[in-house]
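Labels below follow one simple rule: chain letters A, B, ... track the order of the sequence lines, proteins then strands, and each chain is numbered from 1.
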2 protein chains.
Amino acid sequence: MSQDLPTTSYALLGLLTFGDDLSGYELKQRADRTLRFYWVSPAMSQVYTELARLTELGLVHARDDTTAPTRSTRRYQITAAGRRDLQRWLASTAVEFPALKHPVALRLLMGHVVDPETSRSMLDGYLTMLAERRAELQTVRDSLVLDPESAVDRFRFPRMVADWGLDYYASERAMVEELIRRVDTDPP
Amino acid sequence: MSQDLPTTSYALLGLLTFGDDLSGYELKQRADRTLRFYWVSPAMSQVYTELARLTELGLVHARDDTTAPTRSTRRYQITAAGRRDLQRWLASTAVEFPALKHPVALRLLMGHVVDPETSRSMLDGYLTMLAERRAELQTVRDSLVLDPESAVDRFRFPRMVADWGLDYYASERAMVEELIRRVDTDPP
DNA sequence: TGTAGCATGTAAGCCGTTACATGATTGA
DNA sequence: TCAATCATGTAACGGCTTACATGCTACA
């Protein structure tokens with residue numbers, strides 16, 4: 001039985017449980033559409049490194065795509081052992097509390113060091129970024145419709161997670177708008 | 001002019017702008033009361049490493065505390081150069097979008113791999129953790145009252161950030177409660 | 001014909017962690 | 001007297017990033 005791998009390994013392994021096999025390149029794209037919003041967007045180099053390790057451990061199976069033209073493309077699919085280990089990990093390891101690295105909050109904390117406009121425009125800029133992010137996630141969410149080809153609803157959980165993210169961005173926007181009001185009016 | 005340091009360096013430097021000087025030990029405690037909730041809780045070893053670097057760069061000044069009994073305690077205070085560099089960093093470097101590592105969302109994404117109860121109890125467990133965290137932050141928030149000793153309101157911005165965090169935990173709770181409903185009822 | 005996208009990897013290095021190491025002080 | 005807290009550091013290492021390296025394919 002394999003020791004626990006880093007969470008990102010299981011994250012990538014999990015992306016291979018949606019019924020298709022992917023190349024490293026495609027896996028990176030899927031990570032960018034999903035993981036990015038609440039975990040990480042692993043670097044290409046890490047995706048390949050991770051896939052090599054998972055293959056080594058027998059958790060995924062690599063085969064060379066012969067249908068592809070001349071180009072060498074390797075496609076990866078999760079193995080039965082991989083699925084088992086993922087289930088074991090999900091069922092038996094402690095769930096950690098989310099870790100947030102929030103540069104905006106960090107900088108706001110030091111608001112007394114700069115002039116009010118710096119904090120204000122930082123929050124404004126954050127609202128803009130937030131709107132962009134939200135739009136990106138909305139696009140992803142819209143693509144997660146019920147697939148009529150598939151008997152099971154493959155995207156039920158991805159949809160829940162995406163909706164969660166959208167709600168989060170919405171509440172974050174409201175809170176930041178309130179903070180802007182406080183920055184503007186609070187000073188006694 | 002110093003190059004940009006890692007964000008955590010500026011975070012610790014920022015904690016020294018509240019008008020007091022701290023030992024490494026105390027700085028770690030302050031980080032645990034503030035930074036922890038939206039940045040990181042640096043390890044003791046990192047606090048000392050960071051203080052050594054900041055001293056080296058002249059951004060903080062170290063003095064041996066003679067009032068302390070026999071024990072060797074070094075107290076650190078931010079220098080004028082440190083304050084300048086912090087201001088420069090705050091005013092002139094790009095603000096990054098928050099990075100979230102959310103193991104609960106990650107695991108929920110893979111809900112189709114486990115039985116519904118696993119997801120359900122995971123979300124329940126998260127609600128418990130969330131309530132604990134919220135209580136901890138509430139304690140911090142309550143301590144951030146207006147200091148009648150001090151002419152300026154030192155804690156205005158820390159208070160804003162703490163309130164932000166409390167709102168975040170509240171909205172997170174509401175969203176997770178909704179998700180639990182969906183996990184329970186959605187399955188067709 | 002040249003650039004964007006597809007495709008795969010290695011090497012070096014940064015940030016931060018855990019483990020290790022040491023010792024004084026306070027109070028139950 | 002023993003444990004908790006205060007107090008300071010070094011060493012090793014893990015996870016992940018950036019930079020580097022290479023080459024094919026589609027299309028404008």
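If you take CD on A:Q77 and CG on A:L22, they are separated by 10.5 Å, rounding to the nearest 0.5 Å. Of the inter-residue distances, the one linking B:T55 atom OG1 with B:R63 atom CZ reads 13.0 Å to the nearest 0.5 angstrom.
Atoms NZ (B:K28) and P (C:dT17) sit 8 Å apart, rounded to a whole Å. Atom C1' of nucleotide C:dT8 and atom CG of A:L51 are separated by 11 Å, given to the nearest angstrom. At whole-Å resolution of the value, CZ in A:R75 and P in C:dT8 are 8 Å apart. Rounded to whole angstrom, the span from the CG atom of B:L27 across to the P atom of D:dA7 amounts to 12 Å. Rounded to a whole Å, the OH atom of A:Y48 is 19 Å from the P atom of D:dA21. C:dT8 atom C1' lies 16 Å from atom CG of A:L22, rounded to whole Å. The distance from atom CZ of B:R63 to atom C1' of D:dA7 is 16 Å, rounded to the nearest whole Å. Protein atom CG of A:L35 is 11 Å distant from nucleotide atom P of D:dC16, rounded to whole Å.
Between B:D85 and B:R88, at least one side-chain N (NZ, or NE/NH1/NH2) sits under 4.0 Å from a carboxylate O, which counts as a salt bridge.
Using a 4.0 Å cut-off, no side-chain N or O of B:Q46 falls inside it from OP1 or OP2 of C:dT18. Applying the 4.0 Å criterion to OP1 and OP2 of C:dA24, one finds that B:S72 has every side-chain N and O outside that range. Contact between the side-chain N/O atoms of B:Y25 and the OP1/OP2 oxygens of D:dC6 is found at a separation under 4.0 Å. Between C:dC6 and A:Q29, a contact under 4.0 Å exists linking OP1 or OP2 to a side-chain N or O.
Residue A:S41 is classed as a sugar-phosphate contact, given heavy-atom separations below 4.0 Å to backbone atoms only. In this structure, B:E50 reaches neither bases nor backbone, as no heavy-atom distance under 4.0 Å exists between it and the strands shown. Contact annotation for A:S9: no contact, since no heavy-atom pair falls under 4.0 Å across all strands. Residue A:K101 is in sugar-phosphate contact alone, with no base atom involved, counting any heavy-atom pair closer than 4.0 Å across all strands shown.
Distance from the side chain of A:E26 is smallest for C:dA7 among the nucleotides D:dT8, C:dG9, C:dA7. Nearest to the side-chain atoms of A:A43 among the listed nucleotides D:dT17, C:dT17, C:dC15 stands D:dT17.
Nearest-nucleotide assignment on DNA chain C puts the 5′-proximal partner with A:T49, out of A:T49 and B:W39.
Of all heavy-atom pairs spanning B:V145 and B:R159, the tightest one is C-NH1, 4.0 Å.
Ring geometry for B:F18 against A:H112 counts as tilted: the plane angle lies between 30° and 60°, on a 0 to 90° scale.
A:S45 contributes no side-chain N or O that forms a donor-acceptor pair with the base of D:dT17 under 3.5 Å.
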